[in-house]
Each structure stands twice: as C-alpha cells, then as structure tokens.
Amino acid sequence: GARKGVAVEPIQKRDLARLAEFDALFIRETTSVSDHTFRFAKRAEQEGMPVIDDTVSMIRCTNKIYLKERLEAAKVAMPASIVLSEAGGAEQAIAALGLPLVVKIPDGSFSRGVHKVEDAKALTALTRNLFKETDLLLAQEFMPTAFDWRVGVLGGEPLYACQYMMAHKHWQIVRHTDDGRAIEGGFKTFDVDQAPRDVIETAVAAARQIGDGLYGVDLKQNDRGVFVIEVNDNPNIDTDIEGTVLKDALWQRLLDWFLLRLERQGRPV
C-alpha cells in the first residue's frame with residue numbers, strides 16, 4: 001500500500017461506526033447476508049465507497065441454488081443439478097444424477113454443508129435431517145477428480161490459477177474432522193497463461209455473471225470438459241499459495257482495482 005501511496009488499516013467487527021473515515025473497504029472474512037459483513041458492505045456502498053465484497057455479489061454467491069440458476073441461464077457449464085424440496089425429489093435426483101451424488105445446503109462455505117451420498121437410504125436420512133434447517137437443497141452429480149481448479153477473477157479478468165488437491169483419503173479439498181479440525185490437501189499455483197485456456201475462459205464467464213469484484217471460481221476438469229462447481233465472493237488470498245506466482249503484483253492489482261474506481265469518482269488519490 002505504501003508503494004502505491006495508499007494507507008491500509010485493518011479494522012474489526014466493532015468498527016462499523018468508523019467506516020466513513022475511509023475511502024474503500026476490502027472485506028477479508030467469510031461473508032454472509034445475515035451477519036456484520038453484509039452490514040459493512042451495505043454501509044460502504046451508502047458512503048459511495050468501492051467495496052469488495054459488495055452486497056449484490058454476496059447475495060448471488062452465498063445462495064448456491066440462485067447461483068445454479070444464474071449460471072445455467074448464462075449457459076455456463078455446471079455439473080448436472082436438481083433442487084430438492086421437502087415435498088420430495090429424492091427419487092428424481094437419483095434417476096437424473098445417479099449414485100453417488102452430492103447434496104449441498106444453499107449457504108455452505110469452505111466445504112461445510114456439502115455431503116456425498118452413496119445410496120437411496122442415506123439420501124433419505126440426510127435430507128430429512130437437513131430440511132430441519134433449510135427449505136431447499138441442491139443435489140449435483142458426483143465428479144471425482146484428483147484436484148479442483150480455483151481461478152481468481154478480479155474486475156472481469158483472471159488474476160491467479162491454482163490446483164487444490166483433495167485432502168488425504170477424502171473426496172473434498174478440505175476434510176472436517178469430528179474434533180473440529182480442517183485438514184487440507186496440497187496445492188499448485190500456475191501463471192494464468194500456463195493454465196488450460198478452457199478453464200480460465202469458463203471461470204471468467206462465470207465470474208462476470210456475478211459482478212465486477214473479486215471472485216474465486218471453483219471448477220472440475222475431466223474428459224467431458226470443464227464445469228463450474230461454484231463462485232465464491234470471498235476467496236482465500238494467501239501470499240504463499242494464491243500469490244506464489246504474482247507475489248506483490250497480486251496485491252498491487254487489487255489496490256489498482258480500488259484506485260481506478262476512486263479516480264472514476266473524482267476523488268483525490
């Protein structure tokens with residue numbers, strides 16, 4: 001920030017009343033439309049501040065069923081999916097998707113609320129339990145891969161590309177243990193130009209359906225093609241993982257995103 005002439009100050013949950021003191025807001029916390037992250041973004045927008053993540057992106061990304069419908073309408077490739085309601089649909093899901101399949105709650109994050117189901121009995125038991133907390137569920141075909149792609153997209157352009165390996169002896173990149181630990185697989189970061197073109201193009205197409213901010217697009221790649229699993233409005237950005245290739249240039253591009261929007265508003269930078 002200093003190299004760009006930008007003062008960067010961390011603020012906390014308790015600092016909402018101070019927000020108008022600043023020119024821009026960069027949220028680095030798991031977002032939800034029902035907690036303080038949404039209130040911070042809303043206040044920032046009311047003050048005319050550039051903000052990542054904006055409220056519209058939060059709304060679009062944190063509901064997996066809305067995200068499915070939006071990407072399908074834009075003809076962005078996704079795994080075959082069905083929305084389940086408590087009134088029924090389990091048999092329809094199995095007929096359409098086969099077994100095993102994946103069941104997701106609408107607002108899960110970081111691999112939480114995502115379940116792999118092996119048979120009809122397990123599906124019935126799982127959905128009965130989940131419907132105690134939600135009215136709708138998303139069922140998707142199971143796509144086994146050794147890794148997931150994550151492409152960071154900023155302002156409609158690719159920023160970074162990573163492969164996240166599956167956690168050891170697990171079907172997801174994060175395995176949540178009964179004692180509360182999160183065990184993750186390895187990673188490999190690529191220069192965007194070295195990543196498969198169809199992976200990058202599909203990720204950018206998906207992100208542009210959400211907005212103009214920062215997104216992490218998760219994708220599966222197999223012999224059938226490239227498929228978007230979800231779009232995250234608050235993706236991880238760690239210097240030693242997502243920033244391995246770009247290093248400081250990653251943070252410079254993020255600052256440039258904010259500076260450009262402040263200049264467009266005619267604010268002195």
Side-chain angles (χ1 to χ4, degrees), residues 30-34 38 41-42 45 51-98 101-111 113-115 127 130-131 134-143 145 148-159 161 192 195-235:
T30 303
T31 53
S32 171
V33 296
S34 60
F38 191 85
K42 187 68 173 179
E45 291 168 355
V51 55
I52 296 175
D53 310 313
D54 62 275
T55 56
V56 171
S57 294
M58 287 189 197
I59 291 169
R60 289 176 174 173
C61 288
T62 56
N63 187 322
K64 290 182 172 60
I65 293 173
Y66 174 87
L67 183 63
K68 162 196 174 294
E69 293 174 347
R70 188 171 186 88
L71 294 182
E72 284 181 345
K75 301 189 184 309
V76 176
M78 296 183 66
S81 307
I82 288 181
V83 177
L84 303 181
S85 66
E86 195 167 5
E91 293 181 0
Q92 179 187 4
I94 293 173
L97 307 176
L101 56 79
V102 175
V103 177
K104 302 178 179 181
I105 62 174
D107 58 349
S109 60
F110 290 98
S111 297
V114 181
H115 307 269
T127 55
L130 293 178
F131 279 132
T134 183
D135 293 328
L136 298 173
L137 296 168
L138 181 65
Q140 289 187 324
E141 64 174 309
F142 176 57
M143 286 187 171
T145 54
D148 285 352
W149 282 102
R150 162 72 62 81
V151 176
V153 180
L154 176 66
E157 300 298 330
L159 181 64
V192 167
R197 179 178 294 273
D198 52 352
V199 169
I200 300 299
E201 290 178 349
T202 302
V204 169
R208 287 178 177 172
Q209 290 300 312
I210 306 304
D212 188 45
L214 172 67
Y215 310 101
V217 184
D218 293 342
L219 310 100
K220 295 277 191 184
Q221 183 183 26
N222 57 31
D223 56 4
R224 290 164 47 198
V226 175
F227 303 86
V228 173
I229 302 301
E230 63 183 19
V231 181
N232 303 280
D233 65 298
N234 196 273

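Keep in mind that what you see is a predicted model, and the values were worked out from it rather than measured.
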Exercise. Measuring from L154:CG to I52:CD1, what's the distance to the nearest 0.5 Å?
Worked result: 5.5 Å

Exercise. At their closest point, which heavy atom of V204 faces which heavy atom of G156, and how far apart are they?
Worked result: CG1-O, 3.5 Å

Problem set entry | Where V102 and F142 come nearest, the two heavy atoms and their spacing | CG2-CD1, 3.8 Å

For this session: Would you mind reporting whether K68 and Q140 have side-chain heavy atoms less than 4.5 Å apart?
Result: no

Exercise. Does a side-chain heavy-atom distance below 4.5 Å link V226 with E201?
Worked result: no

Exercise. Do D233 and R60 come within less than 4.5 Å of each other through their side chains, counting heavy atoms only?
Worked result: no

Seminar exercise, completed: Between M78 and F227 the two heavy atoms that sit nearest each other are O-CD2, 3.5 Å

Exercise. Can you tell me how far CG of D53 sits from CG of N234, rounded to the nearest 0.5 angstrom?
Worked result: 4.5 Å

Problem set entry | Non-hydrogen side-chain atoms of D107 and S32 separated by less than 4.5 Å | no

Exercise. Between the side chain of R70 and the main-chain N/O of Q209, is any donor-acceptor distance below 3.5 Å?
Worked result: yes

For this session: Measure the shortest side-chain to side-chain distance between F38 and T55 over non-hydrogen atoms and say whether it is less than 4.5 angstrom.
Result: yes

Exercise. Hey, are T145 and K220 close enough side-chain-wise for a donor-acceptor pair under 3.5 Å?
Worked result: yes

Exercise. Between N232 and D218, is any pair of side-chain heavy atoms under 4.5 Å apart?
Worked result: yes

Problem set entry | Side-chain heavy-atom pair I59, Y66 within 4.5 angstrom cut-off | no

Problem set entry | Exercise: identify the closest heavy-atom pair between S85 and L136 | CB-CD2, 4.0 Å

For this session: In plain terms, say whether E69 and K64 are close enough for a salt bridge, that is, a side-chain N and a carboxylate O under 4.0 Å apart.
Result: no

Exercise. Which atom names give the shortest non-hydrogen contact between L97 and S81, and what distance separates them?
Worked result: CD2-N, 4.0 Å

Problem set entry | Any V192 side-chain heavy atom under 4.5 Å of L159 side chain | no

Problem set entry | Flag, side chain of D54 to backbone of S57, donor-acceptor distance under 3.5 Å | yes

Problem set entry | Over 12 foreign heavy atoms within 6.0 Å of CG, N222 | yes

For this session: Indicate the atoms forming the closest heavy-atom contact of I200 with A195, along with that distance.
Result: CD1-CB, 3.8 Å

Seminar exercise, completed: Distance col, row E157:CD vs D212:CG, nearest 0.5 angstrom, shows 9.5 Å

